[in-house]
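Notes follow the structure.
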Amino acid sequence: MLEIKNLHARVADTETEILRGLDLTVQDGEVAAIMGPNGSGKSTLSYIIAGREDYEVTDGDILYNGQSILEMDPAERAALGVFLAFQYPLEIPGVATMTFLKSALNAQRKARGEAELTTPDFMRRVKGSAAELKIDMDMLKRPLNVGFSGGEKKRAEILQMALLEPKLCVMDETDSGLDIDALKIVADGVNALRGPDRSFLVITHYQRLLDYIVPDTVHVLYKGRIIKSGDKSLALTLENEGYAQVIGEAA
Amino acid sequence: MSVVQLKPQSPGETSLIARAEGAGELSKPRREALDTLRRDGLPNRRVEAWHYTDLKQLLGTRTEVAPSHVVGGSDLLAPLLPNSHVIEIGTDAQPTMGVSVLRGERLPDWQEPVNHLDRDVDTIRMVNVALGTVTSEIVVAAGDTAEAPIELRATPEAGGRQPYVVCSVGAGAEVTIVERVSRTGGLSASVADLTVGDEAKVLWIVDQEKADDETHLGQLNITVGRGAQLTVVFLNAGGALVRQEIHTRTAGEDAEIRIRGVNLLKAGQHVDVTTTLHHTVENTRATEILRNVVTGGRGVFQGMIKVAPGAQKTDARLACNSLLLSDDGEFSAKPELEIFADDVQCGHGATAGEINADHLFYLMSRGIPAAEARALLIKAFVAEVVEEIEDAAVVEALEARIDRWLEANR
């Protein structure tokens, strides 16, 4: 699904290097967790996979199903099935949530050569997904994310993910700002989407999320590189011992 | 012996005067306005009120006041709002429930400037009278709610006369009025004087969509009574040279004024919005928000807040936000505050920027292609002020006009 090779990247404005030779492979259907201390490059990695322009890749490559995506813009990557659930979903006043959802769905369908959804078909899908995520339809009548609480924003991200049916879901600290009930709802939403041809890259600070979204692999990101990989037990080790031990071993 | 040395005329002045003279025998007021126009010409940029819109030079020869042939009346275009009662200004109109419409004889008083920064006469009113005026007097009876929105149209006619509307909304009445400024074949100079009675509620919409080579000078003067609510929404989506003036004056306490404007600008256009919020009594409120999409051309906003002595507790605010989408476009904003009371809140703010890169990334990350994502965000920027209007039909109609422009000017 995803193969990142020797990725070096920096902030375009300041030329500060953030990723320093990152290697990571995620198989079809795999849930890979990325953990790491603050400032290790976790969010940067998610933005670079999604195609944000503020970063510059200076070396290495990102292959998605064997194809390099570095030259593609974010919309092209999304149409291929890449999805980023934002740590801080943006509020966009003036853009109606439903208009946005419909534009996104139909743009992706169009890019894949599929027919646009009819309005009733679209509404049916939105209602179905919203109900599962306990999202009130009235909330979706508001402008995109405007006035949503932190938890509502995260649920709205998962709603978008459910509707767009991506193949590679990158989740950037989806657990931040969620209380335990909201966390369960979000995790259930994610687990419902797990399948043999859909992979997840779950970025998190805390082991807690991984109790609900159980990963196949866990990777520790530090100073722009993966310094240790393991199975789900690695997350528990980190929770108990902190990052110092792992960082010390890698040094 | 003395010789009166007339100032040299600009091509615009020559052309305008020729138009005004063209209609044969002139009435006395019209002759007076024309004589003043001949003597003093049009204001240039040394006149403060016209500093950013040098009418003398900018007018050029686009002063055709009527098409070479008269094009038809009410089937010209569908009304902006469904089920509107359409009034052709200066004609005998069918009355509608609660509203009387008379063909009037009154002319705009042009001998006093409405904007004190103009010269000693009022430019737009003078041009209106010099070209010949057609007048409609509209009265909405006290306590009535007009059964349908009223749409005012200035139908192009061979004489090229210009519209003047005197509108009085009685105490406690409610009405929506649409001023439709459409293609007339060249220059239009329209004036409206509106009186909003105590506790009345008026929504006045100006939909200006002239052709790319036309000129529009428009002036709206409004007196707002005690406890009355006035909303003015204007859309400028056309014209080569446009000056829209809106002047409000509070006449009673608790008057509430909202002005919302959208200016859509492209290369070759010069669009000037000049407004005055004049607070003359205690406890009145006004907010004015302009949103400008600039893909080229030049935009101007001159926003004056005047607070008279004794008009305590005035709360008046201006905002002018521009989205600059091209290096070739520009927008100038000039707020002016003239405050003669010591317990007031007045403020103004202007911003200019490009499309928010974070917003663009968010939309694109969901698969919306760059061009479509940009269009959504541009629409959002202007839709925000339109969506404040309580009437869903009005919001829908204005958004459709905005969409049409954005679609045509991507």
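Small disclaimer: the values here were computed from a predicted structure and weren't measured. The sequence lines fix the lettering, A, B, ..., with proteins before strands; numbering per chain opens at 1. Side chains included, hydrogens not; waters and symmetry mates left out as well; all remaining heavy atoms used.
For A/Phe122, the CZ atom is densely surrounded, since the number of other residues' heavy atoms within 6.0 Å is greater than 12. The environment of B/Glu396 atom CD is sparse: at most 12 non-hydrogen atoms of other residues, nucleotides or ligands sit within 6.0 angstrom. Residue A/Glu53 places its CD atom among 12 or fewer non-hydrogen atoms of other residues, nucleotides or ligands, all under 6.0 Å distant. Other residues, nucleotides and ligands contribute at most 12 non-hydrogen atoms within 6.0 Å of the CZ atom of B/Arg404. Residue A/Arg52 places its CZ atom among more than 12 non-hydrogen atoms of other residues, nucleotides or ligands, all under 6.0 Å distant.
Contacts between A/Leu144 and chain B at a heavy-atom distance below 4.5 Å involve the side chain alone, from C-beta outward. In this structure, chain B has a heavy atom under 4.5 Å from the side chain of A/Leu164, while its backbone stays farther away.
Interface remark: of the candidates A/Pro74, A/Ala78, A/Ala50, A/Pro74 forms the most heavy-atom pairs closer than 4.5 Å to chain B.
In terms of heavy-atom proximity, A/Ala107 sits nearest to B/Gly367 at CB-O, 3.3 Å. Nearest heavy-atom pair across A/Pro93 and B/Ala380 is O-CB, 3.5 Å.
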List the atom pairs, donor and acceptor, that lie under 3.5 Å between side-chain atoms in residues 264-274 of chain B and the rest of the protein, sequence neighbours left out.
{"from": "B/Lys266", "atom 1": "NZ", "to": "B/Asp212", "atom 2": "OD1", "distance (Å)": "3.4"}
{"from": "B/Lys266", "atom 1": "NZ", "to": "B/Asp212", "atom 2": "OD2", "distance (Å)": "3.4"}
{"from": "B/Gln269", "atom 1": "OE1", "to": "B/Lys266", "atom 2": "N", "distance (Å)": "2.9"}
{"from": "B/Gln269", "atom 1": "NE2", "to": "B/Gly238", "atom 2": "O", "distance (Å)": "3.1"}
{"from": "B/Gln269", "atom 1": "NE2", "to": "B/Gly239", "atom 2": "O", "distance (Å)": "2.7"}
{"from": "B/His270", "atom 1": "NE2", "to": "B/Tyr52", "atom 2": "O", "distance (Å)": "3.3"}
{"from": "B/His270", "atom 1": "NE2", "to": "B/Thr53", "atom 2": "OG1", "distance (Å)": "2.8"}
{"from": "B/Asp272", "atom 1": "OD1", "to": "B/Thr274", "atom 2": "OG1", "distance (Å)": "2.6"}
{"from": "B/Asp272", "atom 1": "OD2", "to": "B/Thr53", "atom 2": "OG1", "distance (Å)": "2.5"}
{"from": "B/Asp272", "atom 1": "OD2", "to": "B/Arg243", "atom 2": "NH1", "distance (Å)": "2.8"}
{"from": "B/Thr274", "atom 1": "OG1", "to": "B/Arg243", "atom 2": "NH1", "distance (Å)": "3.3"}
{"from": "B/Thr274", "atom 1": "OG1", "to": "B/Gln302", "atom 2": "NE2", "distance (Å)": "2.9"}

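We find the CZ-CG distance between B/Arg366 and A/Leu163 to be 11.0 Å, quoted to the nearest 0.5 Å. Note that the CG atom of B/Asp358 and the CD1 atom of A/Ile92 stand 9.5 Å from one another [nearest 0.5 Å].
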TODO: Decide side-chain contact (heavy atoms from CB on, under 4.5 Å) for A/Phe100 and B/Ile368; before the verdict, give the C-alpha distance in whole Å, the side-chain angles of both, and the deciding distance to 0.1 Å.
DONE: CA-CA 9 Å; A/Phe100 159 75; B/Ile368 302 174; 3.9 Å; yes

Task: Stepwise side-chain contact (heavy atoms from CB on, under 4.5 Å) check, A/Asn145 with B/Tyr362 - done: CA-CA 12 Å; A/Asn145 290 329; B/Tyr362 189 69; 3.3 Å; yes

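Residue pairs meeting the side-chain hydrogen bond (donor to acceptor under 3.5 Å, both in side chains) criterion with at least one member in residues 89-105 of chain A, sequence neighbours excluded: A/Glu91-A/Lys153, A/Lys102-A/Thr119.
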